[in-house]
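Let me begin by presenting the structure, written as structure tokens, before commenting on it.
Heavy atoms only: backbone and side chains are in, while hydrogens, waters and symmetry mates are out. Read the numbers this way: they start at 1 and go in the same order the structure lists the ligands and their atoms.
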Amino acid sequence: MKIGIFGGTFDPIHFGHLQLARNARVQFSLDKVIFVPAFQSPHKQDVPSITPAAHRYEMVRLAIESEPHCGLSDSELKRQGISYTFDTLIEFEKQYPGAEFFLILGKDAFEGLDAWHRAPELKQKVRFIVAKRENHGLPAVRDVRADWIQMPLCPISASGIRAALKRGESVDDYLSPKVLQYIRTNELYRKDQAWT
Ligand code: ATP
């Protein structure tokens with residue numbers, strides 16, 4: 001079995017994430033893509049006011065409920081603490097013995113790979129499927145099995161969406177209607193909001 005692991009903060013999940021998952025699955029003949037919302041991303045520890053994990057998890061659930069080849073894992077939420085991909089992979093290896101794992105990520109995340117927790121072991125265990133986020137070549141990460149996803153650049157980011165929502169602008173083109181409804185119902189990403 002070939003499994004794509006797609007980790008992220010998903011604050012909120014947007015069409016860029018879904019496009020990435022769909023294209024990765026088809027291009028690399030993955031049996032499924034499992035979304036893994038981070039409890040606390042090691043790369044975003046200094047980012048203020050990240051939305052509580054339970055909301056981010058629920059938005060991912062809503063966004064992928066009609067995506068036939070997508071799954072959702074609460075492993076990082078259950079573990080709590082800093083969400084290291086290596087620890088998640090060890091859990092998945094136990095859950096899916098014999099499976100081949102692929103890590104799906106954007107180029108911005110991939111170029112920091114050498115600083116990740118237990119990066120050398122991670123590089124040996126998985127293949128990386130990388131999406132371009134702007135028009136540049138493959139970053140200089142060594143000793144790694146990595147391939148580009150062939151898809152048009154998708155200039156959507158969660159930070160851009162949060163900023164637009166705070167300004168009261170429409171983000172209907174970037175988010176699934178169910179996620180949009182969830183954001184409205186739970187009054188997320190408002191100007192006056194602070195989670196701390
Ligand atoms: P933020 O803008 O807050 O940093 P984000 O949109 O990058 O958030 P994350 O949850 O951090 O969202 O992303 C999860 C993964 O998806 C990361 O590896 C990121 O590089 C990738 N990704 C997100 N959006 C895109 C996009 N539009 N095109 C390609 N990769 C993307």
Side-chain angles (χ1 to χ4, degrees), residues 4-28 30 33-64 67 70 72-73 76-77 82-86 88-89 101-117 119 122 126-139 141 144 146-167 169 171 173-176 179 183 188-189 193 195:
I5 301 177
F6 188 14
T9 307
F10 303 119
D11 191 15
I13 184 167
H14 52 68
F15 286 154
H17 296 129
L18 295 175
Q19 189 176 324
L20 208 62
R22 288 186 196 123
N23 282 281
R25 195 193 73 75
V26 172
Q27 188 181 332
F28 296 90
L30 307 179
V33 172
I34 303 179
F35 284 69
V36 190
F39 181 76
Q40 168 65 67
S41 165
H43 320 295
K44 294 190 178 173
Q45 290 186 72
D46 52 352
V47 177
S49 58
I50 289 182
T51 306
H55 281 312
R56 293 185 283 106
Y57 178 90
E58 185 58 15
M59 288 189 279
V60 175
R61 193 188 67 73
L62 290 168
I64 65 169
E67 298 280 327
C70 290
L72 173 60
S73 166
E76 296 189 354
L77 268 65
I82 299 176
S83 307
Y84 292 116
T85 302
F86 181 82
T88 305
L89 180 67
F101 293 104
F102 298 71
L103 280 189
I104 301 171
L105 72 182
K107 187 191 152 210
D108 56 315
F110 180 70
E111 55 199 359
L113 177 62
D114 282 330
W116 287 21
H117 179 62
L122 203 55
V126 299
R127 277 177 63 184
F128 290 81
I129 300 181
V130 188
K132 291 181 190 171
R133 289 200 84 167
E134 73 284 337
N135 279 312
H136 289 134
L138 200 58
V141 179
V144 67
D147 294 288
W148 286 120
I149 302 183
Q150 301 303 328
M151 68 178 218
L153 278 181
C154 176
I156 306 178
S157 70
S159 41
I161 289 170
R162 293 194 300 275
L165 282 165
K166 285 207 169 85
R167 292 192 299 264
E169 293 169 13
V171 291
D173 291 345
Y174 312 128
L175 299 177
S176 85
V179 172
I183 289 171
L188 305 181
Y189 310 116
Q193 198 164 56
W195 295 109

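At the shortest separation from atom 17 (C) of ligand 1 among protein heavy atoms lies Gly106 N, 3.9 Å. Looking only at protein heavy atoms, the nearest one to atom 29 (C) of ligand 1 is Arg133 CG, 3.6 Å.
In this structure, Ile156 counts as a contact residue of ligand 1, since one of its heavy atoms falls inside 4.0 Å of the ligand. Within the structure, the closest approach of Ser41 to ligand 1 does not fall below 4.0 Å when heavy atoms are considered. Residue contacts with ligand 1 leave out Gln19, since none of its heavy atoms falls under 4.0 Å from the ligand.
The distance criterion of under 3.5 Å between nitrogen or oxygen atoms is not met by Lys107 with respect to ligand 1.
Heavy-atom proximity to atom 28 (N) of ligand 1, evaluated over Cys154, Gly16, Ala21, Pro152, is greatest for Cys154. Across the listed options His17, Lys44, His43, Lys44 owns the non-hydrogen atom lying nearest to atom 4 (O) of ligand 1.
Contact annotation for Phe6 and ligand 1: only side-chain heavy atoms (C-beta onward) come within less than 4.0 Å of the ligand. When heavy-atom distances to ligand 1 are checked against a 4.0 Å cut-off, Asp108 comes that close only through its side chain, counted from C-beta outward. Under 4.0 angstrom from ligand 1, the non-hydrogen atoms of Leu20 all belong to its side chain.
Around the CZ atom of Phe101, the shell of radius 6.0 Å holds more than 12 heavy atoms that belong to other residues, nucleotides or ligands.
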